[in-house]
Amino acid sequence: YGGEDDAAANERRMREDAERYAGMSPDALESELIARAGALRAEGKLDTTKLREFARGVAPFMSAAEQQRLRQLIDMLDRV
């Protein structure tokens, strides 16, 4: 990445991802999530236990509806 350090490269990628996903419908986002999760699972890199730990850590900062949706998404990833 032309001499970018890891932090700058990560920030740039996150910004690009946010821009790409901002215009997507919820159904399109869910499809993208499933596709990426399938690829990660195939590589042995999808760990829903760690996702559940993360969800517990961020729960105090989320509404009840957001917490429920996050749990639903993680449950969905368990089935990918």
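- Taking Glu16 as the reference, Arg12 meet the side chain to side chain donor-acceptor pair (under 3.5 Å) condition, with sequence neighbours excluded.
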Which donor-acceptor pairs under 3.5 Å do side chains of residues 50-65 form with protein atoms, sequence neighbours excluded?
from: Arg52; atom 1: NH1; to: Asp75; atom 2: OD1; distance (Å): 3.2
from: Arg52; atom 1: NH2; to: Asp75; atom 2: OD1; distance (Å): 2.9
from: Arg52; atom 1: NH2; to: Asp78; atom 2: OD2; distance (Å): 2.4
from: Ser63; atom 1: OG; to: Glu66; atom 2: N; distance (Å): 3.1
from: Ser63; atom 1: OG; to: Glu66; atom 2: OE1; distance (Å): 3.4

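- In terms of heavy atoms, Leu46 sits closest to Ala37 at CD2-O, 3.8 Å.
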Report task. Dump the intermediate steps for side chain to side chain contact (heavy atoms under 4.5 Å, CB included) on Leu77 and Leu33, then the final yes or no. Result -> CA-CA 9 Å; Leu77 294 176; Leu33 177 62; 4.0 Å; yes

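- Here the OG1-CZ distance, from Thr48 to Arg79, works out to 11.0 Å after rounding to the nearest 0.5 Å.
- Applying the salt bridge (Lys or Arg N to Asp or Glu O under 4.0 Å) test to every pair with at least one member in residues 20-33, sequence neighbours left out, gives these pairs: Asp17-Arg20, Glu30-Arg69, Glu32-Arg36.
- Looking at heavy atoms from C-beta onward, Gln72 lies out of side-chain contact with Met76 at the 4.5 angstrom threshold.
- Taking Ile, Leu, Val, Met, Phe, Trp and Tyr as members and joining any whose side-chain heavy atoms lie under 4.5 Å apart, directly or through other members, the hydrophobic cluster of Leu29 also contains Tyr21, Met24.
- With sequence neighbours left out, Glu43 forms a salt bridge (Lys or Arg N to Asp or Glu O under 4.0 Å) with Lys45.
- Considering only residues two or more places apart in sequence or on other chains, Arg15 meets the salt bridge (Lys or Arg N to Asp or Glu O under 4.0 Å) condition with Glu11.
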